[in-house]
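Shown next, in structure tokens, is the structure this report addresses.
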Amino acid sequence: MLEKTFDAAAVEPRIAEIWERAGAFKAGAGAEVGAETFTIVIPPPNVTGSLHMGHALNNTLQDILVRVERMRGKDVLWQPGTDHAGIATQMVVERQMMERQEPGRREIGREAFLETIWAWKAESGGTIVNQLKRLGASCDWSRERFTMDEGLSRAVRKVFVDLHKKGLIYRDKRLVNWDPKLLTAISDLEVVQVETKGHLWHFRYPIEGETFDPEYPATFITVATTRPETMLGDTAVAVHPDDERYTHLVGRHVILPLVGRRIPIVADAYSDPEKGSGAVKITPAHDFNDFEVGRRHGLPMINVMNAEGAIDIAENSAFLDTLPANDELVETMTLMHGQDRFMARKRVVAQMDARGFLAKIEPHAHTVPHGDRSGVPIEPYLTDQWYVDAATLASPAIASVREGRTTFVPKNWENTYYQWMENIQPWCVSRQLWWGHQIPAWYGPEHPDRYGAAPILNGQLPREIFVAESEEDVLKKAKEFYPNDIEVEIAKDEKEFQDWRKKYVHGGREKIVLQRDPDVLDTWFSSALWPFSTLGWPDETPELRRYYPTSVLVTGFDIIFFWVARMMMMGLEFMGTEPFKDVYIHALVRDEKGAKMSKSKGNVIDPLELVDEFGADALRFTLAAMAAQGRDIKLAPARVAGYRNFATKLWNAARFAEMNGCVSVGDFEPQTSKETINRWIVSSLNDTIAQLNFALAGYRFNDAANVVYRFVWNQYCDWYLEFAKPILQGTDSEARAETRATAAYILDEILKILHPFMPFITEELWRSTAAEAGIVRPNVLALTRWPTDGFVDQEAFEEINWLVDLVTEIRSVRVEMNVPVASQIPLAIAAAGALTRARVETHRAAIERLARISAIDLVDNAPPASAQIVVGETVACLPLEGVIDVSAERARLGKELKKLDDEVGRIDAKLGNAQFVAKAPEEVIEENRDKREEYLTRRVKVAEALERLTVRA
RNA sequence: GGGCGGUUAGCUCAGCGGUAGAGCGACGGUUUUACACGCCGUUGGUCGGGGGUUCGAUCCCCUCACCGCCCACCA
């Protein structure tokens, strides 16, 4: 006997274990021989992470697809794993070390720090996976991967080396987005623009050869800037070539205040006459636009900051070399050196003001780029970094989508994809972090033959770069490169390298020691390989052959650029095929009011709390039911409670079936049923299955969920089981047997079609109903075949619709006439035709029960003072003499008559419109004619009913 | 500056060429042995404003308003 309600908390772990024991989620489990494959790779969550609502949605949708296809007998693989999440993880562990007041990462050194992270990962890295399991995610957990596994790391190294060989990865010195807090370069995508209320400072730069006087504009040129502190690195002033205000100045020079640098006034179209003063200061080392201007005009690039974003000019030869030494410069250096950029800004402004160079300050709203992790303004910073030639890789990836080999659902995301891919910039992949895939590049000194007279510049060795997959390979390469008589080694650590370097610089040339690039790769570099690296690439594994390319990628729009685009590029480059056929892009989960959930806002809804309260099934169903395409999900917890109620409803339907001996019959053939209600519910099921399949095929999860919901609650529970009661409790044993078998059959099919949405409760009912009935199920539900749709009996639909309408109308009138619920009243059917007579006979017991009718009489004429209900060709009368208020009943009928007249009038107007008849499609016209007939028939009966009341009154 | 999306019942949302639906709520009734996490009934909407296309528009087009997101180098 089933418990009274479904106890999710108790059942879920038990069911999870049953699946585990059955190996139900293993790749290919339950697949039919020769079945096609269905593959999804999970968007790997960060190891640092814990399950948030976005994960819950993402994985629910994947799980629905995967479970359906598995039940369809396909060879299914859902490949799970986690991402090492470079910056995020490093930050988390560093924070933890700080909280515990342990020595920082720089103090303990790289190796010890990495050990700490690995230890941390071993301890808490499994959290998110366990949470996914609680949600019911049917991944093949035996195949779980981590982006820093040896296998995946090997894939990363190979990709790096191959791309380098092809010239698609290269080292370049250019401006990067530098995070002065995290001390690393970041990619364009990791920069967020923040609206900031700042200022626009207008500076006067004195023109060389004029005697500066703030009163005489001819003696200076005014530039406007939002970043005064960078003026220390200015190397030009640019004006627009067509700007007549300034043409006479082009070619002349200004003397940069505070530092005394002589810099040219150049003409460049970058300068916008509309902005500021129309003249713009150029700081090539600290601004992306200025960098380009500097390139065009061959301007020097003077970096005036260090990695922390503090002014660094004291021993900076680039800064000092061109400057005449004087007192002002010394003062500037004293004031500025070592100041962070924000303090330096204040000091520059103050100094400029003191010397009469500050023309004005305007308030100015603009966007300032910030690091998405650190939250501090990023600094355009001149460094050497590794770049991927994204434009080259993007071109086939664009073609794949254009030519339909990969399709986005919903389709409008393709525009977003194109827009970004077609304007893609070189991808900066090196990060100055420790946690991640260390770049497989080693540096050695330049070849001795090329040393020439000055082998060492500014204490820096000119470098030779060796890129290789292993130390073995790199040694081999280096030995081939350097003269035979020189020994080559790889530095074990920084100290060893520095010791050697000192000797080498001083002429000790018998040995060369290579030093590995200390940087690691952008986390997304390894994620880009996920669809094939997880399957064993670069080895030609059977899994790789079988499961690549994958069927569909399910992910959020926020990582189309970060991840989807890059997987497309890498998949095409290394596998020669698109990594997935479809890309289903789902929405963001927001809070009830539509705000993005965030810790700082404190509006985060924890999916696990909802699971605890309502069960995983309820949460999953909610997310699926709300996953309409192209719209964010505003999650109201009340909604989850509603779907928990749905689970309870199903549970109780199963209890009812059990209590009434509804047991699955092995060879049951639903299409041979005789009872109308049975033929009807089977038809309705088949109709539901067809709609469900259609919705799923189009990734319309909300439609799919709602179709099942309505069938279970509004068809099976609300009506079918109620209709079945009199038969199940009646004496017709044949009808009873058929109805029992049908009720059990429908329940079984419900469990199947609901299983992808609510796996736990359905699996539990699948086994418990069988156990109660003493049936042996050959398989867990997760591996049971998905039903096919089949016969639909249209007449049964019509008959049951009539029955439903009749019962509903009677109930409605009863309430309206204030008939007490408890009292049973007689029903008279007036002047019934053959059809009505037959139907009444068939469903007499059901009508009596559901409408609380004491007896049904077939009569020639409607009894006096009765409420009359018109359903199709049937006129049903509730003889309620003394109970009903005749005038109220007359009003009711009158209202209905008017409504019918209105409807008919509306249709007549349509049909009377020549344009409509000429232009509307035939079926629409036909539909209107049919409706008109229907309304008229009904109108006649209602009018007659009204007539009868009027006559008597 | 460019692009995308939204505006439908009190709330959260479906629908997207033939005059509107769900869940939650509200109101009234109901403890009838599957289920009060239930059952029965009722209420509730000029589908953001304006224009156009069409025989017909919540649905297509234009426009305005407000809200949200993405991208972009503007001093």
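To find a chain, count down the sequence lines: A is the first, B the second, and so on, and within it residues start at 1.
- Counting only heavy atoms from C-beta outward, the side chains of Tyr418(A) and Val401(A) approach each other to under 4.5 Å.
- With sequence neighbours excluded, the residues satisfying ring-ring contact (aromatic ring centres under 6.0 Å, His included) with Phe357(A) are Phe212(A).
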A correct dot-bracket answer for RNA chain B, with pairs being Watson-Crick or G-U at under 3.5 Å, [ ] for crossing pairs and | for inter-strand pairs, is (((((((..((((....[..)))).(((((.......))))).....(((((..]....))))))))))))....
Side-chain donor/acceptor pairs under 3.5 Å, residues 555-564 of chain A, sequence neighbours excluded:
| from | atom 1 | to | atom 2 | distance (Å) |
| --- | --- | --- | --- | --- |
| Trp563(A) | NE1 | Ser527(A) | O | 3.0 |

Interface polar pairs with nucleotides 36-42 of chain B, N/O, under 3.5 angstrom:
| from | atom 1 | to | atom 2 | distance (Å) |
| --- | --- | --- | --- | --- |
| C37(B) | O4' | Asn645(A) | OD1 | 3.0 |
| C37(B) | O2 | Arg644(A) | NE | 2.8 |
| C37(B) | O2 | Asn645(A) | OD1 | 3.3 |
| C37(B) | O2 | Thr648(A) | OG1 | 2.5 |
| G38(B) | OP1 | Asn645(A) | ND2 | 2.9 |
| G38(B) | O3' | Lys649(A) | NZ | 3.0 |
| C39(B) | OP1 | Lys649(A) | NZ | 2.9 |
| C39(B) | OP1 | Trp713(A) | NE1 | 2.7 |
| U42(B) | OP1 | Ser812(A) | OG | 3.4 |

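- With a 4.5 Å cut-off on side-chain heavy atoms, Asp748(A) and Ile746(A) do not count as touching.
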Using residues 224-236 of chain A as the side-chain source, report each donor-acceptor pair under 3.5 Å to any protein atom, sequence neighbours left out, with the distance given to one decimal.
| from | atom 1 | to | atom 2 | distance (Å) |
| --- | --- | --- | --- | --- |
| Thr225(A) | OG1 | Arg227(A) | N | 2.9 |
| Arg227(A) | NE | Glu229(A) | OE2 | 3.1 |
| Arg227(A) | NH1 | Glu379(A) | OE2 | 2.7 |
| Arg227(A) | NH2 | Glu229(A) | OE2 | 2.9 |
| Arg227(A) | NH2 | Glu379(A) | OE1 | 3.2 |
| Arg227(A) | NH2 | Glu379(A) | OE2 | 2.9 |
| Glu229(A) | OE1 | Arg345(A) | NE | 2.9 |
| Glu229(A) | OE2 | Arg345(A) | NH2 | 3.0 |
| Thr230(A) | OG1 | Arg227(A) | O | 2.9 |
| Thr230(A) | OG1 | Lys281(A) | NZ | 2.7 |
| Asp234(A) | OD1 | Lys281(A) | NZ | 3.0 |
| Asp234(A) | OD1 | Thr283(A) | OG1 | 2.6 |
| Asp234(A) | OD2 | Tyr205(A) | OH | 2.6 |
| Thr235(A) | OG1 | Pro300(A) | O | 3.1 |

Whether each nucleotide of nucleotides 14-21 of chain B has a protein heavy atom under 4.0 Å at its base (B), only at its sugar-phosphate (S) or at neither (-) is summarised, 5' to 3', as SS--BB--
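- Arg296(A) meets the salt bridge (Lys or Arg N to Asp or Glu O under 4.0 Å) test with Asp268(A); sequence neighbours excluded.
- Partners of Arg736(A) according to the salt bridge (Lys or Arg N to Asp or Glu O under 4.0 Å) rule, which considers only residues two or more places apart in sequence or in another chain, do not exist here.
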Polar pairs (N or O, both sides) under 3.5 Å between protein and nucleotides 72-74 of chain B?
| from | atom 1 | to | atom 2 | distance (Å) |
| --- | --- | --- | --- | --- |
| C73(B) | O2' | Asn289(A) | ND2 | 2.7 |
| C73(B) | N1 | Asn289(A) | OD1 | 3.4 |
| C73(B) | O2 | Asn289(A) | OD1 | 2.7 |
| C73(B) | O2 | Asn289(A) | ND2 | 3.4 |
| C74(B) | N4 | Lys275(A) | NZ | 2.8 |

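- Note on Glu722(A): a base of the nucleic acid sits closer than 4.0 angstrom, heavy atoms only.
- A 4.5 Å side-chain heavy-atom check between Ile907(A) and Lys931(A) finds at least one atom pair inside the cut-off.
- Under a 3.5 Å cut-off, the side chain of Arg811(A) and the backbone N or O of Leu850(A) do form a donor-acceptor pair.
- Here G1(B) presents its P atom at 14 Å from CD of Glu274(A), a figure rounded to the nearest Å.
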Could you list the donor-acceptor pairs under 3.5 angstrom formed by side chains in residues 650-660 of chain A, with sequence neighbours left out?
| from | atom 1 | to | atom 2 | distance (Å) |
| --- | --- | --- | --- | --- |
| Trp651(A) | NE1 | Glu3(A) | O | 2.9 |
| Asn652(A) | OD1 | Arg655(A) | NH1 | 3.2 |
| Asn652(A) | ND2 | Thr648(A) | O | 3.0 |
| Glu658(A) | OE1 | Leu2(A) | N | 3.1 |
| Asn660(A) | ND2 | Phe656(A) | O | 2.9 |

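- Judged as a salt bridge (Lys or Arg N to Asp or Glu O under 4.0 Å), and not counting sequence neighbours, Glu934(A) has no contacts.
- For Lys411(A), the salt bridge (Lys or Arg N to Asp or Glu O under 4.0 Å) test picks out Glu414(A), with sequence neighbours left out.
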